[in-house]
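Worksheet: one structure, shown below.
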Protein chains: 2
Amino acid sequence: MTLVDDPIHSERTRDALTAAHLYYMQDLTMDAIAQELHTSRSSISRLLSHARASGLVDIQIRSPLDAPSLLEKEIQNRFQVSAHVVPVPDGASDVDRLERVGLSVARILGQYFDSNMTMGIAWGSTMSAISRYVTPKQTHNSQIVQLNGAGNMRTTGIAYASEILRRFGDAYGAHVQQFPVPAFFDDPATKQALWRERSVSRLLEIQGRMDVALFGLGSPFSEVPSHVYAGGYLEPADYDSLSRSGVVGDVATVFFRADGQADGIPLNDRSSGPEFSVLRRTPRRICVVSGSSKVKSLRGALAAELITDLYLDEGTARGLLSAD
Amino acid sequence: MTLVDDPIHSERTRDALTAAHLYYMQDLTMDAIAQELHTSRSSISRLLSHARASGLVDIQIRSPLDAPSLLEKEIQNRFQVSAHVVPVPDGASDVDRLERVGLSVARILGQYFDSNMTMGIAWGSTMSAISRYVTPKQTHNSQIVQLNGAGNMRTTGIAYASEILRRFGDAYGAHVQQFPVPAFFDDPATKQALWRERSVSRLLEIQGRMDVALFGLGSPFSEVPSHVYAGGYLEPADYDSLSRSGVVGDVATVFFRADGQADGIPLNDRSSGPEFSVLRRTPRRICVVSGSSKVKSLRGALAAELITDLYLDEGTARGLLSAD
DNA sequence: GCACTCCTTGCACGTTTGTTCATTTGGAAT
DNA sequence: ATTCCAAATGAACAAACGTGCAAGGAGTGC
């Protein structure tokens, strides 16, 4: 739970490091390592698990640049984003897909984040899944900033959102910047007022300077509604309004139409999420999508140029490319 | 043997990539992967081995900056080099040590070498060991350049040295620049003349601009003489000369004394290796040492400031730090 | 000092993985 | 078409590995 290793842990870390060397660099068996370190093989097994889980051992997969799958190449060509298809068995359930994609992204995320960087984080079921698996990586002077508020009529949302944030913060040893506001204001004027508060504008400035943004997609009118659409954030009147405006999805509770436009959608004036112009200023914008019901939403987000790096499961990738 | 993947291999590579994803990112068992890919588990096992061996899967060990061992910290403080101690069982034989250190260095070497870079390579038993294990990494427009000639009275040395070079070149997809000259000239004047040849001076220029140099250490008057001292490169008279000059070791067949000085050692005028000034101009200079008999030589090389990154086994590290 | 909890250890078991071997497959040469 | 060879495959076995469990220790509170 501490951000740096206790002195108590450092011996364990030292051991884990040697064990990892012997195992992964010199291909010794755990048995042999156990003898060298004068302990049992089981302990070494556990030590190595620890080394992997704590990011001491870092396993990466580097596709030679000419090897991306057809799907990935095609998406890259058509939408100018760097696409990464997560292989998922055809028969997998939607939750299964989400977990798998979340796990994969969690393992890879460290490549995008380093010392002295700021990462913006949304919330939602996708983000929650990722957060549950993030592999630690030691960074300095870095921060995680919440992109949009999570409060609603029933709760402040702080517990939920901050749990997600905390997991990222812990894993990277980063400072966490919470955004304790409702997801949607009742009155746009309140938002305007609050946005002028120094405490809030400080946060907005941090958002404006972030190096990486990580978010999932919302998809309002699909069979499996996303967190925002089921969690008591919106009222029936809001739904009607979204429907009338032709909204196909959202990123961090900012809505957009099929062509990627976000103008003239009344709800956006009350949303706590970052304007797309802010997002587009961010160098890396990683979008994670799982479940083909989000294809329409994804098309919109791509049209809006919100995405630089896209992670999706195989089915969704196919859905994205298929006509219609 | 080809530098780029045949189209024929690319399907295999594609499969290896998916398998690696499923195995290392999603923690599936090989059995599960076999079912998804409609093949036997054995094939997946082989596929994953291939993925590791061919550098598709890259396993790194990243010590948190506060975790280097006492030995490493101490070496860093005393000699201003980044030290990496390779753990080796106390009872290990000298060959065993060499293999282990070689394997470890081979696995991490990729971290130092990338596209558009030039790496200078020496030869000798240490380099040979490393070369036998280098893990592939795809690079573009990079080259490997031989640091010193390998010819002697009996052979041109080309077969031996070029085998080492070739292994590095193959692994990195790099262009190999051979240096087909004797290790030592009989007559300094011949060297001078040859050095003015355009074919040779072209190579010397490449050496002068290299980004990384990788070398072992020679150690003349120790129980276990290095390759240079046993391979018929030197005559008895040369030994006497070295002894009289107070030589303690060599880097790429350039000799130095305990204080790191290389001046006034007659043999150096006839050596094909790079002057130390050339070496010192190279940003990264990786030295690999195994076996405590090389401690004296190592002290000299450190005094000469030939090293920026040092890899050695535990025993040698201890020997280096112990007084005397 | 005693009881309590929490964490670590090594054993034993079942699972997962590497490897050998006999067999098949897909080409190339004849 | 036939033969040949090399590479790839899956079954079967042996080795290596992960994990539940009970025992042992270290620390804490009473």
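Everything quoted here is computed from the prediction, not taken from an experiment.
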Discussion item. Please determine whether a side-chain nitrogen of the Lys or Arg among B/Asp313 and B/Arg318 lies less than 4.0 Å from a carboxylate oxygen of the Asp or Glu.
Written reply: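 Salt bridge absent between B/Asp313 and B/Arg318.
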Fill in: Residues A/Glu36 and B/Arg100 bridged, charged N to O under 4.0 Å
yes
Between atom [atom1] in [X] and atom [atom2] in [N], what is the gap in whole Å?
X: B/Leu28; N: C/dT17; atom1: CG; atom2: P; answer: 10 Å
X: A/Asp31; N: C/dC11; atom1: CG; atom2: C1'; answer: 13 Å
X: B/Arg46; N: C/dG18; atom1: CZ; atom2: C1'; answer: 9 Å
X: A/Met30; N: C/dT9; atom1: CE; atom2: P; answer: 15 Å
X: B/Arg41; N: C/dT15; atom1: CZ; atom2: P; answer: 14 Å

Nearest-0.5 Å distance, [atom1] of residue [X] to [atom2] of residue [Y]:
X: A/Asp15; Y: A/His50; atom1: CG; atom2: NE2; answer: 10.0 Å
X: A/Ile144; Y: A/Gln146; atom1: CD1; atom2: CD; answer: 11.5 Å
X: B/Ser63; Y: A/Arg14; atom1: OG; atom2: CZ; answer: 10.0 Å

Worksheet item: Which angle, rounded to 10°, do you find between the first-five-pair axis and the last-five-pair axis of the helix from C/dG1-D/dC30 to C/dT30-D/dA1?
Response: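 For the helix from C/dG1-D/dC30 to C/dT30-D/dA1, the axes at opposite ends meet at about 30°.
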Practice prompt. Starting from the 5' end of DNA chain D, give me the residue, A/Leu48 or B/Thr39, whose nearest nucleotide shows up first.
Written response: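 That would be B/Thr39.
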Touch class at under 4.0 angstrom, heavy-atom based, for [X] against every strand present:
X: B/Ser43; answer: sugar-phosphate
X: A/Thr29; answer: sugar-phosphate
X: B/Ser49; answer: nothing

Discussion item. Using a 3.5 Å distance criterion without hydrogens, assess whether the side chain of B/Lys137 forms a donor-acceptor pair with backbone atoms of B/Phe113.
Written reply: yes
Worksheet item: Counting N and O atoms only, with roles assigned by atom type, does the side chain of B/Ser142 sit under 3.5 Å from a partner on the main chain of B/Asn116, one being a donor and the other an acceptor?
Response: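 Pair absent, no side-chain N/O of B/Ser142 close to backbone of B/Asn116.
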Worksheet item: Should the pair A/Tyr112 and A/Tyr311 be assigned to parallel (<30°), tilted (30 to 60°) or perpendicular (>60°) ring geometry?
Response: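 Plane angle over 60°, so perpendicular.
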Discussion item. Check the phosphate of C/dG18 against B/Arg52, side-chain N and O only, distance under 4.0 Å to OP1 or OP2. Yes or no?
Written reply: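 Answer is yes, contact under 4.0 Å.
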Worksheet, complete the sentence: Tightest non-hydrogen contact, residues A/Met25 and B/Ile59, listed as CE-O, 3.4 Å
Discussion item. Please identify the 5'-most and 3'-most nucleotides of DNA chain D with any atom under 4.0 angstrom from a heavy atom of chain A.
Written reply: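 With heavy atoms of chain A under 4.0 Å away, the range is D/dA16 to D/dG20.
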